[in-house]
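Inspection log for the structure reproduced underneath, given as structure tokens.
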Protein chains: 2
Amino acid sequence: MGRNKEFDTTVVLRKAMEVFGHYGYEGTSLQILLDGLGIARQSLYDTYGTKKDLFISAVKHYTNEKSAALLARLDRPGSVKAAIADIFREIAAALKDEARRKECFIMHSAIDQVPHVPEIATFFEQDASRLEEAFYQALVRAYEQGELSGRHGDLRALARYLNHSRYSLTQAAKLTSDPQVLDDIVKVTLSALDS
Amino acid sequence: MGRNKEFDTTVVLRKAMEVFGHYGYEGTSLQILLDGLGIARQSLYDTYGTKKDLFISAVKHYTNEKSAALLARLDRPGSVKAAIADIFREIAAALKDEARRKECFIMHSAIDQVPHVPEIATFFEQDASRLEEAFYQALVRAYEQGELSGRHGDLRALARYLNHSRYSLTQAAKLTSDPQVLDDIVKVTLSALDS
DNA sequence: CCTTTTTCGGACCATTTAATCAAGAATGAA
DNA sequence: TTCATTCTTGATTAAATGGTCCGAAAAAGG
């Protein structure tokens, strides 16, 4: 019983990603935040807690969403190289889409806060090691399937490289408005898997 | 005539890089800034102008320094691949050095401000296109010297990739404390030049 | 109708912010 | 010495900050 929430909490969380992504965590004043979310001040505190709580929630929600999609794609049987290519092309596609790219920039703000918000630091550590391991296992499978030659000796290094490249694409997107640049970067990045 | 400045303006500029790199532009309060610089408030305003002015000066000084070193190394005759390898290993070395890495993080804060400080945006655009062109010319020379095979067809894409990888290393350094990860990333990054 | 829950808007708070002004002491060159 | 420049310190300003409290209206279920 009682009145229902008028806003979808996950939709508002998406908007929070955009706002924090655009202004950064410290650069986002409460006023800007409320204007961006389209809800009243009290609703924010009732639903999400403080500004920092909301930020952490948005970061986690974004990261979990992306990580889940990545793990799902890596786990699909078939060519591992094709899976990795898909993953990177999907990221590039998101960063080239005017509507979707805005959310992605919250990653930059999140990395900014790593030294100052322990909860985000540990969260990223765990997420990174999980994904690095997933990449590694996928590469092992690729090797067993004959997709990789002996010249890709250090699969651990390759896994770390792929995981890092994922993050770095959003940084590239912040620095250029030319979609061709993103495609070029992805193309060369994937060439590390060529035989 | 008159009293001399007691502090070296470029030394203070270095400290400014560290402070802004650690706290971000908006996260750096004037008090934190003054404590980090070790000068009095009035000295800051007399010498550098406002907080934003100092930030822009620090960013430009850092970028110019790094870019000049890069261009100098690329212009040296001899193996281009060796030059590029040197460049990336030097970046990794700086990021692994507890003392030097702190300055590098100002890049993250600077990229953060790109959408909000036009002066930084245009400065980065110019710097990026200059370095991309330098990488491209170097790759052309490498090809002419027989260092690259036909499989490195798109030298423009390769140049963009190298320039982007340079930036992205500081982001990787923010996310991991394990120096081995940086080495792994550099190793795989450079493998894009292998035949 | 009654109760519960949420939304909304304004008032309010203490703190912090960047920046300016003022004044005295230190310093160095003419 | 004289004068210009810088350093240091403290006071001050006006605005913005994140966060809390309160009250009334609106909706939904009992």
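Numbers restart at 1 for each chain; the letters A, B, ... are given by sequence-line order, proteins then strands. These figures come from a predicted structure and were not determined experimentally.
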Roughly, in whole Å, what's the span from [atom1] in [X] to [atom2] in [N]?
X       : N      : atom1 : atom2 : value
B:Leu30 : D:dA16 : CG    : P     : 17 Å
A:Asp35 : D:dA16 : CG    : P     : 14 Å
A:Leu33 : D:dG19 : CG    : P     : 10 Å
A:Glu26 : D:dA16 : CD    : C1'   : 15 Å
A:Leu34 : C:dT7  : CG    : P     : 13 Å
B:Phe7  : C:dT27 : CZ    : P     : 16 Å
A:Tyr23 : D:dA16 : OH    : P     : 15 Å
A:Gln31 : D:dG18 : CD    : P     : 10 Å

> Given the rule that I, L, V, M, F, W and Y join up when any side-chain heavy atoms are under 4.5 Å apart, are B:Met107 and B:Ile91 in one cluster?
Replying inline: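 In one cluster: no.
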>> Is there a path of hydrophobic side-chain contacts, each under 4.5 Å between heavy atoms of I/L/V/M/F/W/Y residues, joining B:Leu193 to A:Val186?
In response: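 Yes, one cluster joins them.
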> Less than 4.5 Å apart, any side-chain heavy atom of A:Leu162 and any of A:Ser165?
Replying inline: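 Not touching, per the 4.5 Å side-chain cut-off.
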> Quick one, which residues of residues 38-59 of chain A touch DNA chain D with a heavy atom under 4.0 Å?
Replying inline: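 Hits under 4.0 Å, by residue number: A:Arg41, A:Gln42, A:Tyr45, A:Thr50, A:Lys51.
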>> Once you measure the plane-to-plane angle for B:Phe20 and B:Phe55, does it fall in the parallel (<30°), tilted (30-60°) or perpendicular (>60°) bin?
In response: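 Perpendicular.
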> If only side-chain N and O atoms of B:Ser29 are considered, is one of them under 4.0 Å from the OP1 or OP2 phosphate oxygen of C:dT17?
Replying inline: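 Yes, such a contact exists.
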>> Take a 6.0 Å sphere around CZ of A:Arg100 and say whether it holds more than 12 heavy atoms from other residues, nucleotides or ligands.
In response: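 Yes, enclosed.
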>> Using a 6.0 Å cut-off, check whether atom OH of A:Tyr143 has over 12 heavy atoms from anything other than its own residue.
In response: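 Incorrect, the count does not exceed 12.
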